[in-house]
Amino acid sequence: MIEVAGAAHPVVGALVVVAVLALGAMAVAVTESVVTAHVAGSPLGSAWSRPWRRAALVLARPQPVTERPDTLLWVLAPAAYVGMAALGLTVLPLGTVWAVADVRTGIVVLGSAEVLAMVAVFLHGWAPNSPLPLVAGYRFVAAGLSFLLLSIFVLIAAALPAESMSFGRIVASQEDGAWNVLRQPLGLPLFLVVALAVSLHGPLDVADAGELAGGTTAEVSGPARLAWGFARRAMLTTYAVATAVVFLAGPAGPLLPGWAWLAVKSLAVVVVLVWIGQRTARVPVERFVRVAWTVLLPLSFLHLAIAGVVTLA
Amino acid sequence: MTGTWVDIAFGVFAVAAAWFGWRVFVTDSMVRATFSLLASFLNVGAILVLLLAEYLGVAMFFMMGVEMTVMAIYMVAFMMNPAGLNPMQMVHQPRVAVVVGVLSTAGFGAVALAADLDTVAIVDPDGTIRALGHELMGSSMLVMQVVGVTLVATMVGAVVLSAASGRFGPADVGSVPPAIVPGDDTTRPGVDVGGDGGGHDHDHGHGGGAHGHDDGGDA
Amino acid sequence: MAQSMLGAFLAVATATVVAATAVAGVALWRRPVDPTAVAWSATLPWLGGHEPETHAWNRFHARYYPMTLVLLAFEMEMMFMYPWAVVFAELGTKALVEMAVFLALLSLGVVYLWREGGLAWQ
Amino acid sequence: MTVVTVLLVAAVLLGIGTWGVLSQQSFVMIMMGFELAINGVMLAAGALWRFTSGGEPRGQVLVVVAMLVMAVEAAIGFALVVAVSRARRADTTEGIAELRR
Amino acid sequence: MAVTRPVPGRLARWAGAAPVPVHVAVGHGGDPVLAQLRADRRVEVVATPRHATVLVVAGHVPEAARTALHATHDQVRAPRATVVVGVEGTMVGIPHAVSVPRTGLVDGLVAVQHDLLAGDRDDPSIGPDDNPVAWQGVGPHGQGGEGMMGGVPWGRPMAMPPVEGRDGLALDRLALRLGPFLAGLPPLLVVDVGLQGDVVEEVAVEPVPADEPPGSMGTDGEDRPSVVITELVALAELLALVGLAGMAVRVARLATGPVTPGDVAGLRRRLDRPLGLRTATDGVGRLDLSGRAGDITARWRAWLDRAAAAAAGDRVPPTGTLDLDALAHELLGMELGAALLSLASLRPQLAAATALPAVAA
């Protein structure tokens, strides 16, 4: 019988995960609308309710059909993408001692959620049988295979002081020592790159690119498009919570209860990510692959070395 | 998690793994074939988790996700009719294959049934990952370093074989395959003496005819 | 509430399946599965106004294939780094040096890939 | 779920992999067969580690090495497919019949 | 036979208040309308007709592009509507189009969207309802295909035969005609692309031939849009393509109002910093056309210079027209995204190349 620190009843866990993803996706949508309105210089008043109205209209529009799609994969893609966002969220501590399933191999589960999310985005590009989404899906696989290593190195570096791969122990290791954002400085920027890239946001949104007429969503409309938008924002929520847990000691903090601290820190990370998204243009894929392998990967080696030395000191 | 639940879960995962494994070779669409192989791996990963090899099970999710994505790219690039729009008939010697498949299953199954393995409970189930870590850093450290060298050799070999052009220009310019019979130029591969061309390729390979020497030149 | 590892993974699996089926439901709601149910001219792929001559599904020439092969090999390194991370603090500098050698070896492969131009679109 | 049943499942996977390798003509499909066979090997190794080794870590190292074999085989296999396709424009076993000369 | 069911009441009320997603088919002189739509908060210019409820035809669409416009009209998912700015719908060959003057354009769009949601409006598709290529029941397996790669499976052939790419691998080549109404492409420009993977192996750039303008067609009497509007609309389109939606709205809002040199200088300060627009354009789309070499960053900086000069009121030389064959030769070997961005960065010059012959003074 292998003991697991925090774990909830499966049904309770599922409801909490779905609720957190829904709230998170709404928060991301509102943040995007407000930041876009601010950058555009228009009044912020109507920006708060604009996402709901837009979502209602998208829901009211008809579903996508192309000449000969692979409908099974086309429906499986958003479902798998949200499933992987949920998978990542289950292993993250959402309260001071409470987590849906704080298993001993937490960072490996988050890593495999990221990989299988890449498969979901490729399927979303492949399924419509249309040239522009196909090119967008293949572009994302090139980027996905390149930023994958960064996220693994950063998570392993966070596991060194915790002497365990469970996110609960990573938070515990930050409570007595300094937060990882301070003692492992290179980690946060690298992990923000991964968060932007895996959730198709901001400068690393190579899959739903505007220049390819919306990339993988070029043929998508109606509830299926709402499902894909929700999936992207749910994945951003999961990675914002993961950033807060790994670098800002997640639920740890004075006065406020654990989940409140986690909500505040995750919302801060969401605002930073969306702000970067509205100020930096999209990076061309060739350049991102070259930079990821020749600049960011050596940086993550250096980051790992720093984390190792700091852990031993 | 009482024993019966574990057995039921194991049964479901085992049947799913075998069914997806069979689907790999019968579906028409290459993308569906590749990702049913991924589904088969995910089910085997789940069985490994049931076998309390938790790290290996979840690591298999991660490793096989990457491997199957790469495999999907190569399946779609190098298979005719990649999306299964026409039914797939790329099979030869089907009966021989089925017989050998059944024989090998029966052979390995017989070994499993005949061997009387005395089951031993895991001594410290909590510390299996920590034990693996100490093992890799301790007595199996040699395994890790040899794996490192193997991986470097694999990377260099893969790049040499697949990259179109390296530091010294295109890979196939100037290099001429050696003759099979030393000294006899007509036996140089790539020189279609009999003009019989590859079975399935759609037009002649690089420059046919006897002028094998500048064969690579016009690539 | 300590709970067995398998119970924890049951919770993980339940949450994933529930989230996935909910979204699959939304994606399937009122979706015409048979393409001929809709006017043919509305089902053409979007290219800016013209009809494509062939299916989009083709033997797609992904131009980054050397990078994918090196990643297949490089990714095996993660399998050794996860257990290393768990026991690193106990073993101290010995583990650090050992992993440094392992990483240096593998980065040789990446340097070779970059040097041979494998990172650019072939 | 005893050692015998898990080994039987592994044997079934190995059998399907072998059938796949022998029945398919295309290089990449043959490699899918190898992958499935190694999948069966990993399952067998995991089962033997769980039931007969009493938690001996070297059992897990064997599974990792099996994963290594699969990764190396896939990488070099695809590199060869690319090299042959570039030199000979063949994507099936019949395509390179000249080797039999 | 469009499958439309009236939308449930509460959803319709919420959806009615949403910004109108619009796909703009830009013709000659359509840039001011595009800027006006992008600047308005009640309208959202989207990247593909699939995301739109209303198709807006801005500017004069010549006869040659009519079939492409009808195809674009059909690809807006039913229930759909079409709004033609400043000219009769029938002039463009779309029977149920609503003609709206430029002044009350956005109010007209909001009204059309309300009708759509209430189920009172739905333009039938113009193109054929069934695939002219008979494929059902044809061939040994009844889906029109034969053998492995042949036949017309599901009414369309497969990309055959394989062609040798620049790296020696013989794989399929997709021949695509990227149409005149692709979002972000310069108006009325057709790009014939031979794609292997996402690299352009063959390309030909052809503007849609303009027919002589009958009477006061086009943008209700206004002559060619001024230099400032052309440059700023080009900048807004480029910003929308690379994902900076907020900046695109700001530039479009600038283009619709009076423009002072101070505004343009402020815009340059916002855009010309390392991690802004230049992330997508530095070193991308490097073309040397008739002596002027440069990447996309150099070109949008030139736009800002010309806009500042025009705002200051002094005479700005007209943009030289391009040699399209030289341009096509330069685009060879680029990645598809980079090629489309390069074309978007040549919008003013290409607009001059496809301008109405009579007006291009």
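These figures come from a predicted structure and were not determined experimentally. Chain letters run A, B, ... following the sequence lines, proteins first, then strands; residues in each count from 1.
- For a residue to count as touching a neighbouring chain, one of its non-hydrogen atoms must lie under 4.5 Å from one of that chain's; by this rule V156(B) does not touch chain D.
- For CZ of F51(D), the number of neighbouring non-hydrogen atoms (other residues, nucleotides, ligands) closer than 6.0 Å is greater than 12.
- Here CZ of F41(B) is found 3.5 Å from CE of M70(D). Values are rounded to the nearest 0.5 Å.
- Using a 4.5 Å cut-off on side-chain heavy atoms (C-beta onward), V120(B) and T52(D) make no contact.
- By the 4.5 Å heavy-atom criterion applied to side chains, F78(D) and L161(B) are not counted as neighbours.
- Exactly one residue among L36(D), N39(D), V9(D) makes a side-chain contact (heavy atoms from CB on, under 4.5 Å) with V44(B). That residue is N39(D).
- If you measure heavy-atom distances from V6(D) to chain B, the contacts under 4.5 Å come from both the backbone and the side chain.
- Contact tally against chain B (heavy-atom pairs below 4.5 Å) for S23(D), A79(D), G55(D): the top residue is S23(D).
- Using a 4.5 Å cut-off between heavy atoms, M144(B) does not touch chain D at all.
- Atom CE of M42(D) sits about 9.5 Å away from atom CG of L56(B), to the nearest 0.5 Å.
- Rounding to the nearest 0.5 Å places CG of L113(B) at 5.0 Å from CG of L8(D).
- Both the backbone and the side chain of A71(D) have a heavy atom closer than 4.5 Å to some heavy atom of chain B.
- Looking only at heavy-atom pairs under 4.5 Å with chain B, the residue among V4(D), V64(D), V72(D) that has the most is V72(D).
- Rounding to the nearest 0.5 angstrom, the gap separating the CZ atom in F78(B) from the CE atom in M29(D) is 15.5 Å.
- In this structure, the portion of M30(B) lying under 4.5 Å from any heavy atom of chain D is its side chain and not its backbone.
- At least one donor-acceptor pair closer than 3.5 Å links the side chain of Q93(B) to the backbone N or O of L22(D).
- What you find for V91(B) and Q25(D) is that their closest heavy atoms are N-OE1, 3.9 Å.
- Closest heavy-atom contact between P57(D) and A131(B): CB-O, 3.8 Å.
- Taking the six-membered ring where tryptophan is involved, the planes of F25(B) and W19(D) are perpendicular, since the angle between them exceeds 60° and thus also 30°.
- When each of G54(D), A83(D), A11(D) is scored by its heavy-atom pairs under 4.5 Å with chain B, the top score falls to G54(D).
- Between V12(D) and T105(B), the closest heavy-atom pair is CA-CG2, 3.8 Å.
- Between R50(D) and T119(B) the shortest side-chain heavy-atom distance does not fall below 4.5 Å.
- With a threshold of 4.5 angstrom between heavy atoms, A77(B) does not approach chain D through any atom at all.
- Atom-to-atom distance recorded for E56(D):CD and L132(B):CG is 10.5 Å, nearest 0.5 angstrom.
- Annotation: maximal heavy-atom pairing with chain D below 4.5 Å, among L48(B), L37(B), V15(B), occurs at L37(B).
- Across every non-hydrogen atom of S26(D) and M79(B), the tightest pair is OG-SD, 3.0 Å.
- When heavy atoms are compared at a cutoff of 4.5 Å, L103(B) does not approach chain D at all.
- Heavy atoms of T5(D) lying under 4.5 Å from chain B belong to its backbone as well as its side chain.
- Only the side chain of S140(B) has a heavy atom closer than 4.5 Å to any heavy atom of chain D.
- Only the side chain of I47(B) has a heavy atom closer than 4.5 Å to any heavy atom of chain D.
- Only the side chain of L13(D) comes within less than 4.5 Å of a heavy atom in chain B; its backbone stays farther off.
- Contacts between V123(B) and chain D at a heavy-atom distance below 4.5 Å involve backbone atoms as well as side-chain atoms.
- Contacts with chain D were tallied for L136(B), T34(B), T154(B); T154(B) has the most, counting heavy-atom pairs under 4.5 Å.
- Heavy atoms of V63(D) lying under 4.5 Å from chain B belong exclusively to its side chain.
- Both the backbone and the side chain of M71(B) have a heavy atom closer than 4.5 Å to some heavy atom of chain D.
- Taking the side chain as every heavy atom from C-beta outward, M68(B) and E35(D) approach each other to under 4.5 Å.
- Contact of the V81(D) side chain with the S162(B) side chain is not registered, since no non-hydrogen atoms from C-beta on lie closer than 4.5 Å.
- Both the backbone and the side chain of L80(D) come within contact range of chain B, each with at least one heavy atom under 4.5 Å from a heavy atom of that chain.
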Evaluate Q24(D) against H92(B) for side-chain contact (heavy atoms from CB on, under 4.5 Å), listing each step before the verdict. CA-CA 6 Å; Q24(D) 293 293 337; H92(B) 59 128; 5.9 Å; no
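- Between chain B and the residues G20(D), G17(D), G59(D), the largest count of heavy-atom pairs under 4.5 Å involves G20(D).
- Interface summary for chain B: among L68(D), T18(D), I16(D), L7(D), the most heavy-atom pairs under 4.5 angstrom belong to I16(D).
- With a 4.5 angstrom heavy-atom cutoff, A18(B) touches chain D via backbone and side-chain atoms both.
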